[in-house]
Protein chains: 2
Amino acid sequence: MTNRDYLDQILAELEAISTLDEFQRVVRDLSNAIEVDHVDFLWVDAEGKNFYFGTHSEDWAKRYRDPAFVRLDPIVTGCYQRFHPVDWKRLDWSSKSARTFWSEAHAYGVGNQGYSIPVRGPNGQFALFSINHQCEDAVWDSFIAAHSRELILLAHFLNRKALEFEPDRSPDQRLPLSPREVDTLTLLAVGYSRAQVAETLSISEHTLRVYIEGARFKLGAINTTHAIARATSSGLIIV
Amino acid sequence: MTNRDYLDQILAELEAISTLDEFQRVVRDLSNAIEVDHVDFLWVDAEGKNFYFGTHSEDWAKRYRDPAFVRLDPIVTGCYQRFHPVDWKRLDWSSKSARTFWSEAHAYGVGNQGYSIPVRGPNGQFALFSINHQCEDAVWDSFIAAHSRELILLAHFLNRKALEFEPDRSPDQRLPLSPREVDTLTLLAVGYSRAQVAETLSISEHTLRVYIEGARFKLGAINTTHAIARATSSGLIIV
DNA sequence: TGATACCTCCCCAGAAATGGGGAGGTATAT
DNA sequence: ATATACCTCCCCATTTCTGGGGAGGTATCA
């Protein structure tokens with residue numbers, strides 16, 4: 001990573017990838033390119049399924065493929081609601097479970113320094129690109145200061161690539177909601193009852209039902225709650 | 001943008017910003033740095049409120065501050081569900097409303113070439129960084145090929161900065177949902193009725209109600225639908 | 001050890017949502 | 001010009017959700 005052209009080469013290599021195996025290989029090679037002990041890449045798709053690999057041991061990786069386990073990791077939970085890249089030192093390690101997790105990670109060979117970059121996709125997909133190393137704070141801090149931009153770009157490209165492996169849920173393949181259907185769902189999503197929505201939109205409640213049912217059908221939802229969940233999580237309505 | 005150190009300088013400048021005015025100024029200066037006719041930055045926060053500025057005319061900008069208007073722009077709608085940066089030429093301009101929009105944009109001084117980069121925040125925040133220019137296709141294509149990485153990084157940093165101006169909705173300030181509450185909401189979000197959820201979780205429907213009400217309270221939601229909308233859009237549950 | 005939060009169970013009545021079926025008027029696109 | 005999608009209105013019976021109130025056992029954190 002000392003030479004910037006090296007980054008260009010990695011990104012070009014990443015663009016060219018077409019299989020998951022190649023993807024894994026490129027990610028693993030990153031630890032040499034970046035010159036850190038470990039890198040890993042966690043990706044949670046729109047359905048909540050996990051996808052993980054890196055240079056850590058296979059035992060450790062296996063645990064990350066369990067969605068329930070992942071949510072125990074303070075690093076993941078710490079980054080999930082955030083946007084900025086995070087140095088692991090800055091996370092909250094005060095709780096007992098967090099410290100347990102940390103010592104367990106150590107046992108699996110995870111080093112003392114880490115830096116994670118969260119990136120997100122359009123339907124709530126979540127990618128976390130992390131680098132991990134064993135060294136002193138000062139060394140690490142200056143390393144991060146020097147390379148954070150390259151790392152961000154890498155995280156961005158890794159996420160983009162991961163998205164290509166997701167089954168297609170593009171908007172073109174969905175029936176688009178009509179304006180009234182969007183209005184209806186939007187108001188329902190902010191807690192209005194059907195009567196209130198009908199009044200707000202100045203239409204009869206009967207008419208309203210037509211929209212709700214239309215939206216349910218288009219979204220493949222079996223009830224209103226389901227429709228709201230689908231519409232919000234796919235960005236069709238904004239709450 | 002010919003010199004890469006220039007990018008570093010811009011990013012450093014961006015980091016140091018603390019007011020919206022400075023932010024606007026830096027964004028506008030980008031058109032010189034990147035050497036294009038126009039740049040603009042649209043940002044939709046977690047509540048759906050818009051935030052827009054750039055080098056386009058104030059009249060044009062005014063329209064973008066209306067959330068309803070923004071959703072008419074084929075560029076915005078085209079990027080909203082996507083992840084990759086998009087060249088405007090590749091968008092769907094076939095519909096009449098899209099063409100109307102385009103000719104109107106021209107009347108406001110928008111050039112023929114454009115490139116937009118969508119980036120997202122943890123709670124569904126959406127940023128769209130666009131550059132716009134008047135030139136021939138070949139010139140534009142090679143320009144984009146040369147600079148797409150810098151532009152992506154810029155979009156990323158602009159979004160990060162914009163998030164700093166958002167009122168704090170960090171997870172720390174929210175009451176966390178209990179595991180059972182998450183289970184409950186998750187199953188409701190996939191369309192289960194209360195009876196089905198109770199059966200799935202092997203608890204009584206009465207108990208289930210306690211969780212639903214607990215979750216509603218914590219999310220500040222006035223009914224279940226509202227709670228689902230909040231939970232999905234803030235990533236507390238994954239659908 | 002005490003506070004706090006979590007999980008679990010129960011009743012009842014009123015309010016709201018759902019399912020199914022039918023129909024006319026208006027834009028817009030091909 | 002014709003098809004397609006959208007917007008609007010209406011009834012009835014059944015299922016589902018909501019509001020309010022009460023209570024005991026367990027884990028965790030300070």
Side-chain angles (χ1 to χ4, degrees), chain A residues 71-72 74 92-101 174-229 236, chain B residues 72 74 92-101 172 174-229 236:
Chain A
R71 317 241 166 105
L72 297 176
D92 177 21
W93 295 103
S94 64
S95 84
K96 195 180 162 187
S97 58
R99 271 174 283 123
T100 307
F101 198 97
R174 264 193 312 240
L175 292 167
L177 297 179
S178 78
R180 276 315 215 188
E181 285 161 353
V182 173
D183 292 344
T184 301
L185 291 184
T186 302
L187 292 173
L188 288 174
V190 297
Y192 283 25
S193 68
R194 301 207 310 197
Q196 286 175 306
V197 176
E199 201 195 341
T200 306
L201 297 179
S202 305
I203 55 177
S204 76
E205 203 180 324
H206 313 285
T207 302
L208 189 81
R209 281 190 46 199
V210 178
Y211 300 144
I212 299 176
E213 279 157 25
R216 271 217 304 267
F217 170 72
K218 288 179 180 173
L219 294 167
I222 60 190
N223 57 36
T224 303
T225 307
H226 193 192
I228 294 293
L236 293 171
Chain B
L72 298 176
D92 177 20
W93 295 103
S94 65
S95 84
K96 194 181 167 188
S97 57
R99 272 174 282 125
T100 307
F101 198 96
D172 332 309
R174 264 192 313 237
L175 292 168
L177 297 179
S178 78
R180 276 315 217 190
E181 285 161 353
V182 173
D183 292 344
T184 301
L185 291 184
T186 302
L187 292 173
L188 288 174
V190 296
Y192 283 24
S193 68
R194 300 206 310 197
Q196 287 175 306
V197 175
E199 201 194 343
T200 306
L201 297 178
S202 305
I203 55 177
S204 76
E205 202 180 325
H206 313 285
T207 302
L208 189 80
R209 281 189 46 199
V210 178
Y211 301 144
I212 299 177
E213 279 158 25
R216 270 217 304 268
F217 170 72
K218 287 179 180 173
L219 294 167
I222 59 189
N223 58 34
T224 303
T225 307
H226 193 192
I228 294 293
L236 293 171

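Predicted model, so just to flag it, every value in this text is computed and none were measured. In what follows, every chain begins at residue 1, and chains take the letters A, B, ... in the order their sequences are listed.
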Any [X] side-chain N or O less than 4.0 Å from OP1/OP2 of [N]:
{"X": "A:S193", "N": "C:dA16", "answer": "no"}
{"X": "A:Y211", "N": "D:dC6", "answer": "no"}
{"X": "B:K218", "N": "C:dA5", "answer": "no"}
{"X": "A:T224", "N": "C:dA17", "answer": "no"}
{"X": "A:T207", "N": "D:dC7", "answer": "no"}
{"X": "B:S178", "N": "C:dC7", "answer": "yes"}

> In chain order, what residues pass the side-chain hydrogen bond (donor to acceptor under 3.5 Å, both in side chains) check against A:R99, with sequence neighbours excluded?
Replying inline: none
> Nearest to the side chain of B:R216 - D:dG19, C:dA17, C:dC6?
Replying inline: D:dG19
> Out of D:dG19, D:dC7, D:dC10, which nucleotide sits closest to the side chain of A:S204?
Replying inline: D:dC10
> What do the steps show when you test B:V197 against B:Y211 for side-chain contact (heavy atoms from CB on, under 4.5 Å), and what is the final call?
Replying inline: CA-CA 11 Å; B:V197 175; B:Y211 301 144; over 6 Å; no
> Which pair of heavy atoms, one from A:R216 and one from A:T224, lies closest together, and at what distance?
Replying inline: NH1-OG1, 3.5 Å
> Where is the tightest heavy-atom contact between A:A189 and B:A229, given as atom of each residue plus distance?
Replying inline: O-CB, 3.4 Å
> Does a side-chain N-to-carboxylate-O contact under 4.0 Å join A:R209 and A:E213?
Replying inline: yes
>> So, taking the atom named CG in A:L201 and the one named CG in A:L208, what distance separates them when rounded to the nearest 0.5 Å?
In response: 6.5 Å
Short heteroatom pairs, N/O only, protein and nucleotides 21-30 of chain D, under 3.5 Å:
none

> Given that B:E181 and A:E213 both sit by DNA chain C, which one's nearest nucleotide is further toward the 5' end?
Replying inline: B:E181
> So among A:L219, A:T184, A:D183, which one has a side chain to side chain contact (heavy atoms under 4.5 Å, CB included) with A:L177?
Replying inline: A:L219
Interatomic distance, [X] [atom1] vs [N] [atom2] [rounded to whole Å]:
{"X": "B:I203", "N": "C:dC6", "atom1": "CD1", "atom2": "C1'", "answer": "12 Å"}
{"X": "A:I228", "N": "C:dA17", "atom1": "CD1", "atom2": "C1'", "answer": "13 Å"}
{"X": "B:N223", "N": "D:dG19", "atom1": "CG", "atom2": "P", "answer": "8 Å"}

